[in-house]
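The next block holds one structure in the form of structure tokens; read it before the comments.
When reading the values below, keep in mind they use all heavy atoms of this one structure, side chains included, and skip hydrogens, waters and symmetry mates. FYI, the numbering just counts along the sequence from 1.
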Amino acid sequence: NFAERSEEQMSGAQVIAQALKTQDVEYIFGIVGIPVTEIAIAAQQLGIKYIGMRNEQAACYAASAIGYLTGRPGVCLVVSGPGLIHALGGMANANVNCWYMECCMSPPVSMAETSAVRMAASVIRNAKQPLLIIGKGAAYAHAEENIKKLVEQYKLPFLPTPMGKGVVPDNHPNCVGAARSRALQFADVIVLFGARLNWILHFGLPPRYQPDVKFIQVDICAEELGNNVKPAVTLLGDISAVSKQLLEELDKTAWEYPPESKWWKTLREKMKSNEAASKELASKKSLPMNYYTVFYHVQEQLPRDCFVVSEGANTMDIGRTVLQNYLPRHRLDAGTFGTMGVGLGFAIAAAMVAKDRSPGQRVICVEGDSAFGFSGMEVETICRYNLPIILLVVNNNGIYQGFDMNTWKETSKFRDPTAVVPPMCLLPNSHYEQIMTAFGGKGYFVETPEELQKSLRQSLADTTKPSLINIMIEPQATRKAQDFHWLTRSNM
Ligand code: TPP
């Protein structure tokens, strides 16, 4: 009868929540309003975690990172109109990063054509100066085991892209990250594992590469094959499965790349001199600190299993060269789009995953002061959910570079209505750590290496609350001298 039937009826919100549960959705990030509040409540009743954020853009960044980190879709819940518009930034960023946000089944595993695998193995065997480039596509495909075997069995040098860091650990002896430009410039055969020839890899073109370099592209996305450069071989398929096919093919002969080759010698020498130059900068005692001093001190205390989230220009670029990743899918940054504002959303997503899957694991989020500003109010979200996040704001008072207080006062002529504020300037000596203390977390303002070491030690020891360390650096600090003029400015 009608009364019985209406008791069985589910609300629209319950239907949506149940559909998400059926798709194994674990996390929803969003901001509620009249049309969607019931969906969040219905999802919570089914055991799905709802994380209320302060801006839909950050919510969408967080949801997209869940897909990459867990292999299951993250969901972003927003109101119609402005809520959806705010989320567009996150959707575009996820799309460009090749991170998918729909609820979907895991795709079937596809393999490359066997003749193409044979040809790729032959090109690799004949290479004089080979290089493997490991991208975030390899991380997404969980290809770490097979790619590590390729590196080790055949003694091949490899270079991770920013988010490909950790697929094979950064401290692996075959990692030539410290000789990146040299490796790209002189390699004669480059195998791309889920790494695209976009701006991050200088579009695969001279002068960063040899004009006749042979690219072997391994990718799951057919549209990426042949982008910008005509590859010698294309291997379309799941990156883990195709790496295994390559292993099996290379295994057919007793071949390895000679570890005493001139190429290895060149790369090792360049790594040594680059590392020495960075260390020298790091050991500088002058104050305010430079980027290298900051990152070397952070690296000393960085837990091996932590997630490293990073954004900024100099902060992210220099930090990437010093801060090591040892595990796949443990680095998240501005990515393919070079998007500022992703950091806090990514850190929140990583912290949720850490909390649920490996309690005790920390998220270290390294932010430029400008980058931090884009989603700074998410510090309240971090404190509300008491997430295991340590935020480091590398503060140079500006975008790329800033002014010290005296120059700022002189330049801006405080209260002078005709004063022009330089576009790259932010307010000098801002106390960003007070944003953290405002919500009950721990804040530190540090100006010396000793203060940095101590505050980081305390933050790592304190497992009860999140912290923010505001690290003052030389406002005009920049990257170490580069060999090529086109490397002197940040890429972004
Ligand atoms: N807006 C977005 C959404 N993304 C961008 N990449 C930019 C603007 C341009 N941009 C590139 S890096 C950057 C900006 C605004 C900030 C760099 O300053 P900061 O985060 O303080 O790092 P620093 O280079 O000073 O270490």
Side-chain angles (χ1 to χ4, degrees), residues 23-27 62-74 94-95 97-112 117 120 132-154 156 158-172 174-175 191-196 216-222 224-225 235-251 304-309 324-333 335-336 346 349-350 352-354 356-358 361 363:
Q23 297 286 343
D24 287 338
V25 166
E26 272 184 83
Y27 305 101
S64 67
I66 287 292
Y68 178 67
L69 296 174
T70 68
R72 296 305 310 155
N95 190 42
N97 268 357
C98 297
W99 293 355
Y100 306 109
M101 294 182 76
E102 320 90 52
C103 298
C104 54
M105 303 283 287
S106 301
V109 173
S110 55
M111 311 247 265
V117 175
L132 309 185
I133 299 185
I134 304 172
K136 66 178 172 304
Y140 205 171
H142 290 242
E144 50 267 21
E145 202 183 312
N146 291 330
I147 293 183
K148 188 158 180 260
K149 269 192 203 152
L150 273 170
V151 164
E152 292 183 345
Q153 230 154 286
Y154 304 109
L156 293 163
F158 77 90
L159 184 71
T161 66
M163 279 201 260
K165 274 162 73 73
V167 169
V168 182
D170 281 340
N171 65 343
H172 192 285
N174 292 27
C175 177
V191 192
L192 299 163
F193 290 101
R196 292 174 285 163
I216 298 173
Q217 267 183 298
V218 184
D219 212 294
I220 191 145
C221 177
E224 284 302 328
L225 303 174
L235 300 173
L236 178 65
D238 174 86
I239 296 165
S240 181
V242 176
S243 312
K244 189 148 183 270
Q245 285 181 284
L246 265 178
L247 270 170
E248 285 163 2
E249 188 59 39
L250 285 165
D251 241 5
R304 283 180 83 86
D305 67 346
C306 73
F307 285 96
V308 178
V309 178
Q324 306 258 300
N325 279 89
Y326 306 99
L327 298 169
R329 297 168 295 284
H330 277 61
R331 180 185 167 89
L332 296 160
D333 67 23
T336 311
F346 284 176
M352 289 303 299
V353 172
D356 289 345
R357 288 164 168 69
S358 27
Q361 195 180 16
V363 179

Please determine whether the number of non-hydrogen atoms from other residues, nucleotides or ligands lying under 6.0 Å from atom CD of E145 exceeds 12.
no
Would you say Y154's side chain and D251's backbone share a donor-acceptor pair under 3.5 angstrom?
yes
Only counting residues at least two apart or in another chain, list the ones meeting ring pair (Phe, Tyr, Trp, His ring centres under 6.0 Å) with Y326.
none
Could you check if a side-chain atom of Q361 sits within less than 4.5 angstrom of a side-chain atom of H330, using non-hydrogen atoms only?
yes
Does the R329 side chain pair with the main chain of A139, one donor and one acceptor, at a distance under 3.5 Å?
yes
N325: side chain to side chain donor-acceptor pair (under 3.5 Å) partners, not counting sequence neighbours
none
Does the side chain of T336 pick up a donor-acceptor pair with the side chain of N97 at under 3.5 Å?
yes
Can you check whether C175 reaches P160 side chain to side chain, under 4.5 Å on heavy atoms?
yes
Can you find a pair of side-chain heavy atoms, one from R357 and one from T70, that are under 4.5 Å apart?
yes
By salt bridge (charged side-chain N to carboxylate O under 4.0 Å, His left out), D219 pairs with (sequence neighbours left out) none
D333 side chain near V309 side chain, heavy-atom distance below 4.5 Å
no
Listed partners of D170 passing salt bridge (charged side-chain N to carboxylate O under 4.0 Å, His left out), at least two apart:
K165
Among all residues two or more places apart in sequence or in another chain, which pass the salt bridge (charged side-chain N to carboxylate O under 4.0 Å, His left out) test with D356?
K49
Got a donor-acceptor contact below 3.5 angstrom from the Q245 side chain to the A112 backbone?
yes
Taking the side chain from N146 and the backbone from S240, do they hold a donor-acceptor pair closer than 3.5 Å?
yes
Under a 4.5 Å cut-off applied to non-hydrogen side-chain atoms, are I66 and P73 in contact?
no
Within-4.5 Å side-chain heavy-atom neighbours: M111 and L236
no
Can you list everything that forms a side chain to side chain donor-acceptor pair (under 3.5 Å) with D305? Sequence neighbours excluded, please.
none
Taking side chain as C-beta onward, heavy atoms only, is F158 less than 4.5 Å from I133?
no
Hey, are E249 and K244 close enough for a salt bridge, meaning a charged N less than 4.0 Å from a carboxylate O?
no
